[in-house]
Amino acid sequence: MAPTIALPFWAQSKPPVGEISGVPEAEVLRKRNEELEKELKKSVEREEKMKEELQKTWRRLKVAEEAEERLCFQLGEFEAEAVDQARAYRARVINLTEQLSAAQKLLQSPPAS
């Protein structure tokens, strides 16, 4: 026996050329075109919204970068000031230590006669 191909019912009876399910082909194409135009319009609107959102995000990023730069600059200034204060404090401690040592030496030396 030779192989056979079974076709679904809808494929067995073809509509007349230029018509699909009793509706003229031009009408089907027109409706499909309208649907595609609506989808395109929605897609363009979504794209515009995404562009606006991207621009807003870009502006926020720029503000954040500028703020970061200012904070880094301020931090550098504070670090330099802290180093200066630490050096001044260390010098003061050394000075006081030397004064205390000199005072102890005076107290421990025998009285001059």
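Along the sequence shown, the residues carry numbers beginning at 1.
Side-chain atoms of Thr57 come within 3.5 Å of backbone N or O of Glu53 as a donor-acceptor pair.
A distance of 12.0 Å separates CG of Asp84 from CD of Glu79, quoted to the nearest 0.5 Å. Between the CD atom of Glu68 and the CG atom of Leu75 there is a distance of 11.0 Å, given to the nearest 0.5 Å. Here CD of Glu52 is found 11.0 Å from CE of Met50. Values are rounded to the nearest 0.5 Å. Rounding to the nearest 0.5 Å places NZ of Lys38 at 11.5 Å from CG of Asn33. Atom-to-atom distance recorded for Glu45:CD and Leu40:CG is 10.0 Å, nearest 0.5 angstrom. Rounding to the nearest 0.5 angstrom, the gap separating the CG atom in Leu61 from the CZ atom in Arg59 is 12.0 Å.
Between Glu35 and Arg32, at least one side-chain N (NZ, or NE/NH1/NH2) sits under 4.0 Å from a carboxylate O, which counts as a salt bridge. A salt bridge links Arg30 with Glu27: at least one charged nitrogen is closer than 4.0 Å to a carboxylate oxygen.
Using a 4.5 Å heavy-atom threshold, the side chains of Gln74 and Leu71 count as touching. Using a 4.5 Å heavy-atom threshold, the side chains of Glu39 and Leu36 count as touching. Cys72 places none of its side-chain heavy atoms less than 4.5 Å from the side chain of Glu69. Contact annotation: the side chain of Lys41 never approaches that of Glu37 to less than 4.5 Å [non-hydrogen atoms, C-beta and beyond].
Within 6.0 Å of atom CD in Glu77, more than 12 heavy atoms from other residues, nucleotides or ligands are found, so the atom counts as buried in its surroundings.
With sequence neighbours excluded, no residue forms a side chain to side chain donor-acceptor pair (under 3.5 Å) with Glu66.
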Intermediate values then yes/no, side chain to side chain contact (heavy atoms under 4.5 Å, CB included), Ser43 and Arg46: CA-CA 5 Å; Ser43 176; Arg46 282 194 307 269; 3.8 Å; yes
